[in-house]
Amino acid sequence: MSFEKKFLTRYLDIIIELSNETGISKKEARDILDIALSNRNLKLVNFNEVKNEIKMFITINIFSLLFKL
């Protein structure tokens, strides 16, 4: 399988996983993933690492909002 097909398959899988694990919509998950990948070398991307960073970012922001209430 070519790099583009592998990348696209993993990209779509991560969008679905983020949506299911965090409760955000697939469009929001795609937007966040696009931002996270925007300044990375796409051939060196570790999608599990990116997914964990995004989940951590969302968790920190949720707790920040809760503590401001």
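Computed from a prediction, not measured in an experiment: that's the story for all the values here.
- Within the model, atoms CG of Asn46 and CZ of Arg40 stand 8.5 Å from one another, a figure rounded to the nearest 0.5 Å.
- In terms of modelled atom types and a separation under 3.5 Å, the side chain of Ser19 and the main chain of Ile15 share no donor-acceptor contact.
- No single ILVMFWY cluster, assembled from side-chain heavy atoms under 4.5 Å apart, contains both Met56 and Ile24.
- The pair Glu17-Arg10 counts as a salt bridge, with a side-chain nitrogen and a carboxylate oxygen less than 4.0 angstrom apart.
- Side-chain contact check for Asp34 versus Tyr11: some heavy-atom pair is nearer than 4.5 Å.
- In terms of modelled atom types and a separation under 3.5 Å, the side chain of Glu28 and the main chain of Ser25 share a donor-acceptor contact.
- Contact check on Lys43 versus Glu4 returns no salt bridge, with no Lys/Arg side-chain nitrogen under 4.0 Å from an Asp/Glu carboxylate oxygen.
- To the nearest 0.5 Å, atoms CD1 (Ile16) and CZ (Arg30) are separated by 12.5 Å.
- The shortest side-chain heavy-atom distance between Ser64 and Lys68 falls under the 4.5 Å cut-off.
- Ile32 CD1 to Glu53 CD: the interatomic distance, rounded to the nearest 0.5 Å, is 13.0 Å.
- Checked against the 6.0 Å centroid threshold, Phe7 and Phe47 count as a close aromatic pair.
- Around atom CZ of Phe3, more than 12 heavy atoms belonging to other residues, nucleotides or ligands sit under 6.0 Å away.
- The shortest distance between side-chain heavy atoms of Ile14 and Val50 does not fall below 4.5 Å.
- Looking at heavy atoms from C-beta onward, Leu33 lies in side-chain contact with Ile54 at the 4.5 angstrom threshold.
- Atom CZ of Phe57 sits about 12.0 Å away from atom OG1 of Thr22, to the nearest 0.5 Å.
- When each of Leu66, Leu65, Ile60 is checked for a side chain to side chain contact (heavy atoms under 4.5 Å, CB included) with Ile62, only Leu66 meets the rule.
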Practice task
Run the numbers on Lys51 and Lys55 for side chain to side chain contact (heavy atoms under 4.5 Å, CB included), then give the verdict.
Solution key: CA-CA 6 Å; Lys51 183 176 89 168; Lys55 286 173 37 180; 4.1 Å; yes
